[in-house]
Every structure is written in C-alpha cells, then in structure tokens.
Number of protein chains: 2
Amino acid sequence: MRVEGRKRKILEAIILDYIATGEPVGSRTIARRYNLGVSPATIRNEMADLEELGLIEQPHTSAGRIPSDLGYRYYIDCIMERYELSSAEKEYIRQRFEQKMGEIEQVLADATGLIAELTSYAAVALGPYQGRAHIQQVQLLYVSPGKALLVVVTSNGLVEHHLFSVPRGVIRAELNYLSRLLNERLQGIVLEDIKPSLLNSIYQELLATEHKQLCSLVIELLEELGNLKREARIFLDGTLNLFEQPEFRNIERVKGLLCILEKSDALRELFAEGPPAGLRIKIGRENKNEEINNCSILTVTYEINGEVIGNVGVLGPTRMNYSRTISVLEYVARELSQALEKLCG
Amino acid sequence: MRVEGRKRKILEAIILDYIATGEPVGSRTIARRYNLGVSPATIRNEMADLEELGLIEQPHTSAGRIPSDLGYRYYIDCIMERYELSSAEKEYIRQRFEQKMGEIEQVLADATGLIAELTSYAAVALGPYQGRAHIQQVQLLYVSPGKALLVVVTSNGLVEHHLFSVPRGVIRAELNYLSRLLNERLQGIVLEDIKPSLLNSIYQELLATEHKQLCSLVIELLEELGNLKREARIFLDGTLNLFEQPEFRNIERVKGLLCILEKSDALRELFAEGPPAGLRIKIGRENKNEEINNCSILTVTYEINGEVIGNVGVLGPTRMNYSRTISVLEYVARELSQALEKLCG
DNA sequence: TTTAGCACTCGGCTTATTAGAGTGCTAATA
DNA sequence: TATTAGCACTCTAATAAGCCGAGTGCTAAA
C-alpha cells in the first residue's frame, strides 16, 4: 500500500492530532490547524478514501476519524519522522547511568524508572537473560552450625544466593573443599549447558570424595543452579502513569491492565518474544491479549559485548507518542548497554 | 461512653449490615433482618440517639445510616466478638508455612500473599527490622580480576550482597585474609552498634596490615554494612483486591490509593509506627493521610525468639470485616513467627 | 414507652430535549 | 476534472424534567 501526496499529509495530520488531543479529528479541524490549502470538503473526500483503505475509522457516524491499528502501523513504518532528543535530555539520561554503579539488577531497575519518567507510560525491563552467561564463581559459605549459604556469580554480574540447612556436623573446611571442587567443575560453564548428565557426573565425583551426608545438600544446590537461567527477571515502573491517560478513565479497563501487569508470566510473554535484536512494536490488536486491545507495546533489546541479554520497553495507549517513545527507548537502551558493559564486561 | 441494651444491638446491626452490603442501613431493614422485637419507628428513635452520640451518620437526609469512624472504633473496642477461623483455614495457613522453607524474604513475601488471599484486601509486610540483628558472617569473594563480592549474613537470616570493583591486582588470598579479619572484628556485632568509631578502628587496623590499595574498598564496604539496618523492606500484595470493593469504583480514589501503595516511604510510615507488640488498628481519618480517609489499616507484629522484628498488615476500606481480618492477621503472624524461628533461631 | 401513620426529603433512574460537531451528497464553480 | 459551498441528516453528550422508592422525623394514639 502506498499513500502519497495530500492523502499522506492528511493521514499524518489525523494521527498527530489524535495523538495530541485524544479526540476524533474532523475535517474542519484539519483544515484549520494544518494548512493544506484545501477546504474541509476536499479533506472529507480524502478521508473517505483513507477509511476505505482501513487506515482510519469512525467511532460513530457523526464523529471525526481516529487512526486504526493499521493506520498507526503505516504511520510508524512509512511516514513518521525520527524524534530527536534534546541534548539536555540526552545529557540527563547519560548522567543517570553514570551515578552510582551498583549491581546489574539495580541498574535495570533504575533504567526502568528512567523510561517511565521520560515517556509517561508504564515501563518494563526483562532480563538479564542468563542462558548464555557462564558461571564465574561458586562458593559455599559457612554461616552457623547447620546453616550454609550458596553464592553464585555469573558473567553477567548477577548474584544468586541461597541459604540452606546442612547436617549440623558440617564444618567450614568441608564447605571450602566443596567450593573448590565445584568451582573447578563449574567455572566457565554456560548456564544452558548445565544438564542432568553434567550434574550427575559431578554428583558421582562428590560422592566418591566427600563426607556422605553432604550429598543431599549437593543435589539441592545443583537444582538451584539449574533454576538460575530459567526465567528472566521483571522490573516494572510507572504503572501509575497510565492513569493519567484519558483512555483509562474506565475502571474496568484499568483493572484488566493492572491484572496483566501483576502477572509476571503474562508480562514476560508480552515483552519477551521478538526479533533477535533492536526495536519491536506491537500495536493494539497485534497483541493477542484482549485486555490490552487499546495499548501498544514497544521494546528494544540491550546487550553486553554485542550479545543481546534482555529488553526494555513501554506499555502505553495505542494513541501513543511513538516517535518520542522510540527515541527514548533506543537512547536508554544504548546507554544501558554501555553501562552494563562497563559493569560486567 | 457506654452504649447498652437495645441501642447497642442496633448499633451492632447497623455496622454488621453495612459491612456486609455497603449500603446505608435503614430502620426497616434492621427491623426485618435482625429481629429485635420492636418496630422501625422505635429503631428510628434509637438511631437518632446514636447519631447524636456520633456513632453513626447519614450520607444525606433520605438515606439510611452508616457507621462513623467513631462508630467502628466503639464497635471494635467494645462490641465485636472474636471471629474464629475454621479449622480448615487454620490448617491451610499452617500448611502454607510448612512447605518450602526458603530465605526469610521469601517467607515474608509468601506471608503477604497469604494474607491478601485470605482477607481480600491489600496486604503489606515490613521487615525484618535489622537493628537488633547481629552479624553472623562476613565474606569477601573473589569474582574476577578487578571484581569482588561482599556477602553479609545476619542473625535474622537476611543475606545482603554487593558486587564492587577492586584494584586489578587484588588476589583471592588477600580477600580471604581480609574476610578473616573482618569476621573477627564484626562477627556477633549488633547492626545498631556499627558506628563511625568502630568503623574507624577497623579501618586503622586494616591500613596497618593490609595492601594499601584495598583501603578505599574497605571504606566502601563498611558503608554498605551501615546501610543494612537502615530501612525495613516492604512486601506488598493483593493491591488488585481493592478494586473489587465498591467504594473504589471512583478512579480518583484508586489513583490516590495506588499512589500511596507505590511510595515505600509513605507505606513505611503508615504501617511501621505502632505499639511495641501486637495488634494496631487505625480507622479512617485516624490515619493522617488524606488519600486513605476511607480506609483502615490493621497491623500485627511478628517476632523471632520473643523479639519484635517487623509487622504484617492489611489496608482495606473502612467498611472492613474487622473481626475476620484480625483473626487472620493474628493467626498468620503467629505461624510466621514460628516459621521464622525455625528458620533463623 | 412504643408504634402506626403520614407528610416530606432527596438521590438516582429514566426519559425527553437540545446543542453541537461532523458527515455525505449534490450542485455549482474554477 | 478537481474543488468547494451549501445543506440535510445523524449521532453523541449534556442538560433538564419527572418519577420512584427508600428513608426520615413528627405527631398522636395505644
């Protein structure tokens, strides 16, 4: 489909106006606000054509037009111009990533907050995906009689710990010995490669050399390791922003939306799938989920050393400032990637 | 103030009916549903008296009566009978605490979810308060060249970790040495007692014996330790439950409420203050915060080995089933305390 | 002291009315 | 042929009017 010349200008005007005001846009409004040099009647004719193409629609007979999902799609793919962040904004984003470099999770949480703040939509971050990460360090710490702590650090800088009970007789030296052994076998192992066969061979090895009572312990901790890569963590912020949008005045709408935002599985599904790298845009009904029929989800990936390890995105009304949101997301993702590289690379 | 005999019965009927239905209660309704053996007219007279006492009020002239904050207060303090959980419910709660004993934070998160589920209000848990906890174990782990991990385990079973940069030359042995030294000095120290003077003396000691470059590192980690006791963690669940309440149909109300629930500081203030141990009830305007004018907050404390270390509670509409909610809270808090004792004691 | 009866009040629901925005069509115009 | 002015028509949202019902307070009788 190609929409050129005046039609294109009118389509753009409708979308921009609707994004700005949230009200259906009439022919007179366009003639007045965007001086295309033609009368409302002419614009009406063009609008009828655009509607036939499925790019805009009428909520009811005597209302103006609003963009359809397809209209937004065409606008984003073919018409929209890139929004350029002001240098002040860029500076602000950069500076937010510079101050206090904590652990990766803190950085992701901050990034989520930043996106929510800059876009005024709900922001979500997923990750880091741990499948490709390898184990950097495994350590069993003695805590107190009968208590030990397993700590695992991955190459992505994620720290996982698990406190658990051990036979009361276990002493520090045993744990240290075990740690050394585990490190030898697991260091550098990619999490995806931790399979039952590997675990089993380690298990046998431990059985042969170590205090028998510790075996159950080992089983337990190996299971924990397997869990590490299972599910990407979720960071969520700016939920309240959605309440400011006029389309979410309806309490039922909000309920459905919050319901989704609370369920990690649903969120993960909505935000995780996508192209291997870069920007993904799902408009309105392009998302399967009914509760977000009138929402769009934009995500971009972030990476460490060129490898995609997660994504950040926003959930907002279909009537969203795509241009600006995309710029914010891409810029934040870039800075985020750099920050993480400094942190973990 | 004393309210006895028939008046008392009528007040109770009004409150029970209003809690159940959410509608203002009229004299005829009371006469029909609660057979007090008197006519509506008589009840009307009594109601006029109760209104004069400030225990009930009229939304408008031609409506029934609803309890005032004072009315709820009187009901809770003087009239209400204890709700007894069914043995099935008790069993369910117990069993929820038995399965998978993880770390303290997991247990608290589970408890919060359990309360939300059983009460249908929003549930909050605060804690564990770390002021009185002592340090059980401090460990510096070598992660990779230039990276180390500080792990601290407190007597409450809280694990705190912090990944940070160290001079590239630092090797495993140095960190181990440092760990031993820190453990010697810090083990058993109550977190509240970690004061600048103590830190300084340790700092001097380290300076004398250790690789000079590690000194900045030590300063950093000591700061981290100080932060441990700073703020109680917050667990929140069941926010969506509030949407089911008819009083929160109004979007503005919900917005204000969610706004509070998102701000940890506000939440902490609302839930943290209270008597040293046991149950606390704040009804409607007894809470200073305007956004929760029509909400009540109930909290109970939980403890480890007789020492209060946090509390759990609910936020719900003033028109709340106090009797049942109190029972749930107290029972869950008891089981929670026991579970934590098993976990940390 | 209690109660029956009655007039009165007031919110909420339903219906009717109106104003306004916007359309599509037609016929005139450039 | 493309554009535009004019006009009748449509539909929503907002306002007003009217009615219903629940509930009250008061009075007078039991």
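Protein chains get the first letters and strands the later ones, always in sequence-line order, with residue 1 at the start of each. Predicted model, so just to flag it, every value in this text is computed and none were measured.
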Practice prompt. Grab the CZ-P distance between A:Arg28 and D:dG6 for me, whole Å please.
Written response: 13 Å
Worksheet item: Could a donor-acceptor pair under 3.5 angstrom be found where the side chain of A:Arg44 meets the base of C:dG24?
Response: yes
Worksheet item: For the pair made of CZ in A:Arg249 and C1' in D:dA13, what is the distance, rounded to whole Å?
Response: 16 Å
Item to complete: Please state whether the phosphate of C:dT2, meaning OP1 or OP2, lies under 4.0 angstrom from any side-chain nitrogen or oxygen of B:Thr42.
Response: no
Worksheet item: Between A:Glu23 (CD) and D:dT12 (P), how many Å, whole number?
Response: 15 Å
Worksheet item: Could you give the CZ-to-P distance, from B:Arg65 to D:dG23, as a whole number of Å?
Response: 11 Å
Response to the item:
Among the nucleotides D:dT24, C:dT9, D:dA5, whichever has the atom closest to the side chain of B:Gln58 is D:dT24
Practice prompt. May I ask you to verify if any side-chain N or O of B:Arg6 is less than 4.0 angstrom from the OP1 or OP2 atom of C:dT2?
Written response: yes
Discussion item. Rounded to the nearest 0.5 Å, what separates atom CD1 in B:Ile281 from atom OG1 in B:Thr325?
Written reply: 9.5 Å
Worksheet item: Charged N to carboxylate O below 4.0 Å: is that the case for A:Lys255 and B:Glu244?
Response: yes
Worksheet item: Nearest of C:dT23, C:dG11, C:dC6 to any side-chain atom of B:His60?
Response: C:dG11
Worksheet item: Given atom CD1 of A:Ile43 and atom P of C:dT23, what is their separation to the nearest angstrom?
Response: 10 Å
Worksheet item: B:Met47 has an atom CE; how far is it from atom C1' of D:dC26, in whole Å?
Response: 16 Å
Worksheet item: Which distance, rounded to the nearest 0.5 Å, do you find between the CD of B:Glu84 and the CZ of B:Arg324?
Response: 12.0 Å
Worksheet item: Checking only heavy atoms, does the side chain of B:Ser62 share a donor-acceptor pair with the base of C:dC10 at less than 3.5 Å?
Response: yes
Discussion item. Can you tell me how far apart OH (B:Tyr72) and CZ (B:Arg319) are? Round to the nearest 0.5 Å.
Written reply: 7.0 Å
Worksheet item: Quick one: bend of the helix from C:dT1-D:dA30 to C:dA30-D:dT1 from 5 pairs per end, to 10°?
Response: 20°
Discussion item. Check this for me: B:Glu4, atom CD, are more than 12 non-hydrogen atoms of other residues, nucleotides or ligands nearer than 6.0 Å?
Written reply: yes
Response to the item:
Of the candidates D:dT24, C:dC10, D:dT10, the side chain of B:Ser27 sits closest to D:dT24
Worksheet entry | Separation between CG of A:Leu315 and CG of A:Leu270, rounded to the nearest 0.5 Å | 8.0 Å
Fill in: Residues A:Glu286 and A:Arg73 bridged, charged N to O under 4.0 Å
yes
Worksheet item: C:dG22 C1' sits how many Å from A:Ile66 CD1, rounded?
Response: 14 Å
Worksheet item: What's the OH-P distance between B:Tyr18 and D:dG23, to the nearest Å?
Response: 14 Å
Worksheet item: Between B:Thr61 and C:dC10, is there a side-chain N or O to OP1/OP2 distance below 4.0 Å?
Response: yes
